[in-house]
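To start, the structure itself, in C-alpha cells.
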Amino acid sequence: MSLALGCVADDYTGASDLANTLTKAGLRTIQTIGVPEDDRALPEADAVVVALKSRSIPADQAVARSREAEGWLRARGAAHVMFKVCSTFDSTEAGNIGPVMDALRGDAGEAIALVTPAFPETGRSVYQGNLFVGAVPLNESPLKDHPLNPMRDANLVRVLERQSAYPVGLVDTATVARGAEAVAARLEALVAEGKGAAIADAIFDSDLAVLGRAIIERTFSVGASGLGLGLARALVAAGRGTRDAAGAAIGEPVGGSAACLAGSCSQATLQQVGAAEALMPVLRLDPARLLAGADVVGEALAFAEERLPSGPVLIASSAPPEAVRALQAAHGVDAAGHAIEAALAAIAEGLVARGVRRLVVAGGETSGAVVDRLGLTAFLLGPEIAAGVPVLRTAGRPEPMLLALKSGNFGGPDFFGRALDMMA
Ligand SMILES: Nc1ncnc2c1ncn2[C@@H]1O[C@H](COP(=O)(O)OP(=O)(O)O)[C@@H](O)[C@H]1O
Ligand SMILES: O=C(O)[C@H](O)C(=O)COP(=O)(O)O
C-alpha cells in the first residue's frame with residue numbers, strides 16, 4: 001500500500017465525513033477504526049482515514065494515539081498527513097486540537113501547520129480567522145450549547161493559541177484570493193515570525209482548492225472535510241488519485257432489520273428525531289432513570305424486540321440544552337455523557353444480537369461508543385446520504401453490516417428516513 005494521503009480523525013463521524021469527501025473527490029478511501037494491526041489485510045486505497053475517539057479524552061492520551069496513527073500512515077507511504085478535526089472546531093480550552101497538532105507537526109518535521117475547519121458544503125466558513133456556522137459566528141450558533149465542549153469564542157486564532165504551545169498566525173482571505181503561491185509565501189513569512197500554526201480563511205470550495213495546492217508538498221495540516229477536499233483535488237490533479245472512486249457502491253444488500261440510535265443533542269438531531277416519530281416507533285430514554293440505576297437498556301431492548309419484526313425503531317437520549325444542563329448539574333458533564341454513551345452502546349449490541357444489520361447512529365461520541373462496543377474495525381465507503389454522511393459497509397466482519405454515522409449537526413429533518421431508504 002502506498003498512500004497518497006493519510007488522515008487521523010478525532011471522532012468516528014468526522015472520519016466518515018472526511019472519507020466521504022475524499023471518495024467523492026476521486027480518492028479510493030478506507031476508514032479504519034483505530035490503528036490497524038501491522039498484519040491486517042486492507043483493500044488497495046489512495047487514502048486511509050484512521051478514526052480515533054480522541055476528541056474528548058485526556059490530551060496526553062489523544063496525543064499518544066494520534067502519534068501512533070500518524071506513524072502507521074507514514075509507514076504506508078503517506079507523505080502528507082491531515083489531522084481531521086470538527087468543522088465547528090469542537091474542543092475545550094485545553095484542547096485536544098492544539099496539543100495533538102503540536103505533537104504531529106513535530107513528528108512530521110513541519111515548520112508550520114495550516115489549519116482551517118471551513119466546510120462550505122455544510123455552511124462552515126472562516127473569515128479573518130473567525131468561524132461562522134451559517135450566517136452566525138460560532139459562539140452564537142447552537143454549538144454554544146454543546147454538552148461536552150460548548151464553543152464560546154469564534155476567533156480561532158485566539159482559541160488555538162490557548163491550546164497550542166506555539167503562536168498562531170492568520171492567512172487572510174485577501175491572501176487566499178491571490179492564489180497558492182501567495183498562501184505559500186505567507187506561511188513562510190509566519191514561520192520567520194516564529195508561528196507554529198496559521199488559521200486560514202476559506203469561504204468557498206475554490207478557496208480550499210487554493211489551500212490544497214499551497215500545502216500539498218508540505219507534510220502536515222489540520223482541518224475539516226473542506227481542507228480534505230482541497231488536498232484531494234490537488235492530488236488528483238497531480239495524477240495521485242483514482243478518478244473513478246466517486247460514488248462507491250455498498251455491494252449486496254446485507255438483510256437483517258434496521259434501527260436508529262441518537263445520542264446527539266444538537267439542534268439538527270433534535271429536529272430529526274421529532275420528524276422520525278411520523279415514520280417509526282421512537283423511544284425517548286430517560287437519562288435521569290439511567291443514572292439512578294434503572295434498567296433502561298433492558299427496557300429499550302424489550303421495546304425494540306417487540307417492534308423490529310414490523311420495521312425500524314429509533315431510540316434516542318437526545319434532549320434540549322436546558323434538560324442537558326439539568327442532568328449535568330446533577331451528575332457531572334463527563335459522568336452523564338459517558339453513562340449515556342455506554343447505555344446506547346449496550347443497546348446497539350443488544351440490537352445486533354436481535355438481528356439488526358443496518359444501523360444509523362447520530363452523534364460523534366455516541367458513534368464512537370457504539371462502533372467500539374460492536375468491535376467494528378474498518379469501513380468501505382458507500383453513497384452519500386446527506387452532506388458529510390455516507391453509507392458505510394463493514395469490512396472484515398463475517399456478517400456484513402451497513403451503518404450511517406451522522407455528525408450531530410449534519411443532515412436535514414428527513415435524515416433518518418432517507419438513511420434507511422438508502423440502506424434497504
Ligand atoms: N439527554 C442528555 N443529557 C445529557 N447528555 C446527553 C444526553 N443525551 C446524550 N448526551 C451526551 O451528549 C454527548 C453528545 O455528543 P455526540 O454524540 O458527539 O453528539 P454531537 O455529534 O452532537 O457532538 C454524548 O456524550 C452523550 O452521551
Ligand atoms: O463537523 C465535522 O467536521 C465532523 O463531521 C465532525 O467532526 C462532527 O462532530 P460530531 O461530534 O459528530 O458533531
Side-chain angles (χ1 to χ4, degrees), residues 7 9-21 49 51-57 82-91 97 116-124 131 133 138 141-143 145-151 222-229 261-270 272-273 284-291 296 315-345 347 361-371 386-390 404-411:
C7 305
D10 66 355
D11 87 343
Y12 292 9
T13 49
S16 64
D17 162 22
L18 174 59
N20 175 58
T21 295
V49 181
L52 304 177
K53 191 173 187 292
S54 60
R55 184 174 293 176
S56 303
I57 64 176
M82 184 186 111
F83 173 33
K84 174 17 178 102
V85 299
C86 189
S87 63
T88 49
F89 223 67
D90 290 16
S91 53
I97 296 175
T116 188
F119 189 19
E121 194 177 352
T122 57
R124 277 78 166 145
L131 178 54
V133 179
L138 177 66
S141 77
L143 279 299
D145 298 318
H146 191 283
L148 302 180
N149 43 251
M151 303 307 291
V222 180
S225 285
L227 186 59
L229 174 67
L261 294 172
S264 168
C265 298
S266 71
Q267 193 175 67
T269 299
L270 293 173
Q272 291 157 358
V273 171
R284 293 176 183 271
L285 301 178
D286 181 344
R289 290 188 61 241
L290 169 71
L291 286 152
V296 170
I315 298 168
S317 70
S318 312
E322 58 277 9
V324 168
R325 282 191 287 269
L327 190 84
Q328 291 176 334
H331 298 278
V333 172
D334 290 343
H338 293 155
I340 295 167
E341 289 169 33
L344 287 169
I347 292 168
V361 187
E365 297 298 326
T366 303
S367 294
V370 165
V371 168
V389 191
L405 305 179
K406 185 193 83 79
S407 298
N409 302 297
F410 288 178

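One-based numbering, in listed order, for ligands and for the atoms of each. Note: hydrogens, waters and symmetry copies are ignored here, and every other heavy atom, side chains too, is used. The model shown is predicted, which means the values in this text are computed figures rather than measured ones.
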> At a non-hydrogen distance cut-off of under 4.0 Å, which region of Phe119 contacts ligand 2 (side chain, backbone, both, or neither)?
Replying inline: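 No part of Phe119 is near ligand 2 at this cut-off.
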>> Which of the numbered atoms in ligand 1 are under 4.0 angstrom from any heavy atom belonging to His146?
In response: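 Contacts of ligand 1 toward His146, numbered from 1: 20 (P), 23 (O).
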> Is Glu121 atom CD crowded by more than 12 heavy atoms from other residues, nucleotides or ligands, each under 6.0 Å away?
Replying inline: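 Check passes, neighbour count above 12.
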What I want to know is whether [X] and ligand 2 share at least one N or O pair that is separated by under 3.5 angstrom.
X	answer
Gly364	yes
Ser225	no
Glu365	no
Cys86	no

Residue selection (non-hydrogen contact nearest [atom]) among [options]:
atom	options	value
atom 21 (O) of ligand 1	Pro320, Ala326, Gly364	Gly364
atom 22 (O) of ligand 1	Ala342, Ala362, Ser264	Ser264
atom 8 (N) of ligand 1	Ser317, Pro142, Ala268	Ser317
atom 10 (P) of ligand 2	Leu405, Asp11, Val361, Asp17	Asp11

Will you find, in the side chains of [X] and [Y], an N or O donor that is under 3.5 Å from an N or O acceptor?
X	Y	result
Thr269	Lys406	yes
Asn409	Ser407	no
Asp17	Ser225	yes

> With a 4.5 Å heavy-atom cut-off, do Val222 and Val85 have their side chains touching?
Replying inline: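 With C-beta onward as the side chain, the pair touches.
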> Below 4.5 Å, heavy atoms only, C-beta onward: do Gln267 and Leu270 meet side chain to side chain?
Replying inline: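 Not in contact.
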> Which ligand 2 atoms are under 4.0 Å away from a heavy-atom of Arg55?
Replying inline: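 It comes down to these atoms of ligand 2: 6 (C), 7 (O), 8 (C), 9 (O), 10 (P), 11 (O).
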>> Suppose I only count heavy atoms of Ser87 and a 4.0 Å limit; which atoms of ligand 2 are within that range?
In response: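 Listed by number with element: 1 (O), 2 (C), 3 (O).
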> Any idea which protein heavy atom is nearest atom 24 (C) of ligand 1, and the distance to it?
Replying inline: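 The closest heavy atom on the protein side is Glu341 OE2, 3.6 Å.
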> Any idea which protein heavy atom is nearest atom 5 (N) of ligand 1, and the distance to it?
Replying inline: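 Answer, as residue, atom name and distance: Ile340 CD1, 3.8 Å.
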Select one of side chain, backbone, both or neither to describe which atoms of [X] lie under 4.0 Å from any atom of ligand 1, heavy atoms only.
X	value
Asn409	neither
Pro147	side chain
Pro287	side chain
Leu327	side chain
Gln328	neither

> Between Lys53 and Asp10, does at least one N-O distance fall below 4.0 Å, as a salt bridge requires?
Replying inline: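 Looking at Lys53 and Asp10, the cut-off is not met.
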>> Any salt bridge linking Glu365 with Arg55? Criterion: basic side-chain nitrogen under 4.0 Å from a carboxylate oxygen.
In response: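 Salt bridge flag = no for Arg55 with Glu365.
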[X] versus ligand 1: do any nitrogen or oxygen atoms come within less than 3.5 Å of each other?
X	value
Thr366	yes
His338	no
Lys406	no

>> Looking at ligand 2, is there an atom of it that comes within less than 4.0 Å of some heavy atom belonging to Lys84?
In response: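 It does; at least one heavy atom falls under 4.0 Å.
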>> When you measure from the heavy atoms of Phe410 to every atom of ligand 2, does any distance fall below 4.0 Å?
In response: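 Phe410: in contact with ligand 2 (<4.0 Å).
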> Does ligand 1 have an atom under 4.0 Å from some heavy atom of Gly263?
Replying inline: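 Heavy atoms of Gly263 do come under 4.0 Å of ligand 1.
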